[in-house]
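The structure appears right after this line, and notes come after that.
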Amino acid sequence: MNDAVHAAAAAPERGHAPPRAPMLIGVLVVSAFVMILNETILSVALRDLSLDLGISTTTVQWLTSGFLLTMAVVIPTTGFLLERFTARQVFLASLALFSTGTLLSALAPGFGVLMTGRVIQAGGTAVMLPLLMTSVMRLVPAEKRGATMGTIGIVIAVAPALGPTIGGAVLAQLGWRWMFWFVLPLSVAALVLGAVWMRLDSRTRKVPLDVLSVLLSAVGFGGVLYGLASVGESGGGEHAVAPWMPVVVGLVALAVFVARQLRLQRAERALLDLRPVTIRPFLVALILSALLFMCLLGVGSILLPLYLQTVLDTSTFVSGLAVLPGGLVLGLLGRPVGRLYDRVGARPLVIPGALAMAVSLGLFAVLGEGSPLAAVVAIHILLMAGLGLMMTPLMTESLGSLPDHLYSHGSAILSTLQQVAGALGTALFVTVASVSAADSSAGPDATGLRAAFVVAAVIGALALAASLFVGRTPRAAGLPVAATATTGDDADTAAEAETEAGPESDDAPRAAVSGTTPRP
């Protein structure tokens, strides 16, 4: 029996994916695309929503930041959810939540209900991302993962990039509610499609949910992001609670959360197993992914539409069209870059991508009131090309460096940090743009937005420096990084992780997928 389990688990590594794998991944990709598209579809409507709802720009941006924050709070629980429930159960619950939140947002009479709908939407979206990445790692042979992750890169990167374009087109003809009416039938169709076709074999085990860890995660991420975003409220004026207080509380809660996970993971009871961050390729890719998502969501989806509308005085429709070419470039690069990764590894792709990202962000910082729209579009295309060269290699490199029993937790860590970074970038850049404006009470202007672009350029420079630490050795013969690069400290880490998992762990049979030999 154990031999059969090992053989089945090892099949993807030998290049034999289950016959239904393409269909299952297709269902997941389509569903995730619809859900992630919704993340940024409101970005071009911030000014309209601010006027319609009678609230400030820094408050209305919480419709995006709050969405990302909720995802950051929920995603750490997905490692538990993917072990406790079947993939089908998680999939259906995810889309049901998302569809409910979409309907509520479309019917919202004011900001409070709209924010509630966005939070419910985010709860459903948060579960889908780790499910998608974990399923790919378990269904796709190692030598084909780069190309498949390229498709996922289209979902994760292009959907947010196309959000402003679609949102601008809808807003130009209809009201902001129609952005949700547009998404609702797509999510319901994905739910029906998944109910019919989603049949993914998966094992479950009764893992206890550590409620204290969930609370610590929520307070930690929520405190940091709320404190940062509230700096920009009312142009940086007085607050009932000083912004630094929730930041400090959040950092303390996160420190306690990490300490608790390190203790619980020894007994295989951690809400979020942190052993993946001890593996060097995963850690480097994690840091770069965080910097990348700060700029993808903070600059590409928030700052740029604000600049186009408030400084260049373009319409929402034109500002949406202006970011379309870059979004298309990002999408077109997905699978070709994935195939290149399968052949040459991450380093030859990530470093040029980080350079393009840093240069484009520096060029954004010199834009002004008289800058031509064509120049803005060209710089945005360069930014998206750089991100396209980085995203797929980083996702594949990070998860490919892990043993199979850590896939679900590794994807949860990666997705959590991506969303936290996106929310941090959004809050940081909007805050800088607001407090640096010539008239801070009136919201971001040309001066404030230039200051925000300068901060983004600094982040781009940090990403370029971090890219130099990406491993030099490409994957060989289609084997995962864990099988070809676990030498020195990485080998010690892998051995330690295996020892902590223990031979009696329910996940032990999965070790065959990692490319390592399980202990007898």
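Worth saying up front: this structure is predicted, and the values here are computed from it rather than measured. No hydrogens, no waters, no symmetry mates; every other heavy atom, side chains included, goes into these values.
- We find the CG-CG distance between Asp313 and Leu308 to be 11.0 Å, quoted to the nearest 0.5 Å.
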>> If you apply the rule side-chain contact (heavy atoms from CB on, under 4.5 Å), what do you find for Met128 with Leu28, and how did you get there?
In response: CA-CA 8 Å; Met128 182 61 68; Leu28 289 168; 4.0 Å; yes
> Stepwise, does the side-chain contact (heavy atoms from CB on, under 4.5 Å) test hold for Trp181 with Leu103?
Replying inline: CA-CA 8 Å; Trp181 290 125; Leu103 178 61; 3.9 Å; yes
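- Here OG of Ser289 is found 10.5 Å from CD of Glu397. Values are rounded to the nearest 0.5 Å.
- The two residues Val127 and Gly123 come nearest to each other via the heavy atoms CG2-O, 3.5 Å.
- Val90 approaches Leu81 most closely through the heavy-atom pair CG2-O, 3.9 Å.
- Judged by distance alone, with hydrogens and angles left aside, the side-chain atoms of Arg450 form no donor-acceptor pair with the main-chain N or O of Ala433 at under 3.5 Å.
- A distance of 11.5 Å separates CD1 in Ile459 from CG in Leu292, rounded to the nearest 0.5 Å.
- The heavy-atom pair separating Gly326 from Ile381 by the smallest distance is N-CG1, 3.9 Å.
- Taking every heavy atom of both residues into account, Leu288 and Ala466 meet most closely at CD2-CB, 3.8 Å.
- One distance of note links OG of Ser398 with CG of Leu417; it measures 11.0 Å at 0.5 Å rounding.
- The shortest side-chain heavy-atom distance between Met391 and Phe293 falls under the 4.5 Å cut-off.
- In terms of heavy atoms, Ser94 sits closest to Met35 at OG-CE, 3.2 Å.
- Taking the side chain as every heavy atom from C-beta outward, Arg280 and Phe469 approach each other to under 4.5 Å.
- The CG atom of Leu464 sits 11.0 Å away from the CG atom of Leu361 when rounded to the nearest 0.5 Å.
- Between the side chains of Ser187 and Thr102, not a single donor N or O lies within less than 3.5 Å of an accepting N or O.
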>> Let's go through Phe429 and Leu449 carefully: what are the C-alpha distance in whole Å and the side-chain angles of both, what is the deciding distance for side-chain contact (heavy atoms from CB on, under 4.5 Å) to 0.1 Å, and is it a yes or a no?
In response: CA-CA 8 Å; Phe429 297 142; Leu449 288 169; over 6 Å; no
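- With a 4.5 Å cut-off on side-chain heavy atoms, Val337 and Pro393 count as touching.
- Under the 3.5 Å distance criterion, the side-chain polar atoms of Ser467 are left unmatched by any main-chain donor or acceptor of Ile351.
- The CG atom of Leu394 lies 11.5 Å from the CZ atom of Phe282; values are rounded to the nearest 0.5 Å.
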> What's the verdict on side-chain contact (heavy atoms from CB on, under 4.5 Å) for Ile379 and Leu383, showing C-alpha distance, side-chain angles and the deciding distance?
Replying inline: CA-CA 6 Å; Ile379 296 172; Leu383 173 63; 5.7 Å; no
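- Contact check for Gln121 versus Phe180: side-chain heavy atoms found under the 4.5 Å cut-off.
- In this structure, Leu95 and Ser31 have side chains that are in contact, with non-hydrogen atoms separated by less than 4.5 Å.
- Gly338 approaches Thr392 most closely through the heavy-atom pair CA-CG2, 3.7 Å.
- The shortest side-chain heavy-atom distance between Leu114 and Trp176 falls under the 4.5 Å cut-off.
- Using a 4.5 Å cut-off on side-chain heavy atoms (C-beta onward), Leu107 and Ser105 make no contact.
- You'll find the side chain of Tyr307 reaches within 4.5 Å of the side chain of Leu367, heavy atoms only.
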